[in-house]
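Worksheet: the structure to be examined is printed underneath.
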Amino acid sequence: INHPESDFSLRVQEILKTRRSRKIIISQVVQSFNNKPKHIVKWLKNGGIILDEMSETTQATIISEFIRYTPLLNKASVGQYLASGDTSFDATVRAKYINLFDLRDKPMLTALRTFLGAFRLPGEAQQIDRLLQAFANETYMNSADAPLFATADVAYLLSFSIIMLNTDLHNPNIKQENKMSLSGFIKQNKNYGQEVSAGKDLPLEFLVGIYNSIKTNELRKFEDDDD
């Protein structure tokens with residue numbers, strides 16, 4: 001005779017065993033990813049998390065959720081993976097990753113702070129370019145400041161300019177007299193030319209607000225000892 005209590009106990013043991021097994025698999029994938037992030041598809045397939053029969057869209061969704069929500073991932077590895085590769089699959093992963101931040105209806109600068117706070121920004125210009133292109137597309141479509149942007153390129157150029165401003169204002173090696181001034185920042189970003197800005201200037205108060213915010217509150221970026 002099977003007692004309900006013993007059946008329940010066996011079920012609990014089975015669940016705990018499955019959870020322990022999955023925890024071990026995730027831990028192994030994390031370690032492999034931190035060492036060689038570009039092979040994430042291989043690591044996830046080895047762990048049975050991604051299957052060969054899955055569509056590329058499904059695989060991209062799993063990867064984006066893994067690097068967004070999994071604890072103990074090296075932030076530099078996350079940034080390195082996201083910024084590497086220019087295939088359509090890589091672009092899909094970046095787009096899905098950004099969608100997980102729920103940047104909808106947030107001010108552009110707030111969205112940028114949230115985005116850059118989740119990983120270590122790579123140093124190569126081409127890698128930064130890929131990340132900001134993906135961020136700009138989302139910002140242009142869904143941020144609270146979207147009506148100010150004539151094109152997605154406006155959001156992209158402004159994002160790049162903000163990062164440069166942050167480095168300029170907070171780099172102790174740059175002399176005070178050589179740092180970007182408010183008037184210089186406004187001049188640089190008010191209008192990017194007819195092809196990009198389509199005759200639509202960014203509002204003065206909008207640019208002043210960004211400059212002052214960056215000046216008083218440096219962009220949060222993960223450093224080596226944050227991992």
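Count residues from 1 along the sequence.
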Partner set under side chain to side chain donor-acceptor pair (under 3.5 Å) for Asp153, not counting sequence neighbours: none

Non-neighbouring partners of Asn191 that pass side chain to side chain donor-acceptor pair (under 3.5 Å), sequence neighbours left out: Asp201

Taking atom [atom1] of [X] as the centre, does the number of heavy atoms from other residues, nucleotides or ligands within less than 6.0 Å exceed 12?
X: Gln31; atom1: CD; result: no
X: Leu72; atom1: CG; result: no
X: Lys106; atom1: NZ; result: yes
X: Met164; atom1: CE; result: no
X: Lys42; atom1: NZ; result: no

Partner set under salt bridge (Lys or Arg N to Asp or Glu O under 4.0 Å) for Lys36, not counting sequence neighbours: none

Of all pairs that satisfy ring pair (Phe, Tyr, Trp, His ring centres under 6.0 Å), the ones with a partner from residues 48-88, not counting sequence neighbours: none

Ring pair (Phe, Tyr, Trp, His ring centres under 6.0 Å) pairs, two or more places apart, involving residues 120-140: Phe115-Phe135

Once rounded to the nearest 0.5 Å, what's the spacing between atom [atom1] of [X] and atom [atom2] of [Y]?
X: Glu138; Y: Ile98; atom1: CD; atom2: CD1; answer: 7.0 Å
X: Glu218; Y: Asn166; atom1: CD; atom2: CG; answer: 5.0 Å
X: Leu219; Y: Leu165; atom1: CG; atom2: CG; answer: 8.5 Å
X: Ile67; Y: Ile40; atom1: CD1; atom2: CD1; answer: 5.5 Å
X: Asp129; Y: Glu124; atom1: CG; atom2: CD; answer: 12.0 Å
X: Ser64; Y: Leu100; atom1: OG; atom2: CG; answer: 4.5 Å

Any donor-acceptor N/O pair, Lys45 side chain to Ile50 backbone, under 3.5 Å: no

Residues in ring-ring contact (aromatic ring centres under 6.0 Å, His included) contact with Tyr97, at least two apart in sequence or another chain: Phe101

Ile163 side chain reached by Leu121 side chain, heavy atoms, under 4.5 Å: yes

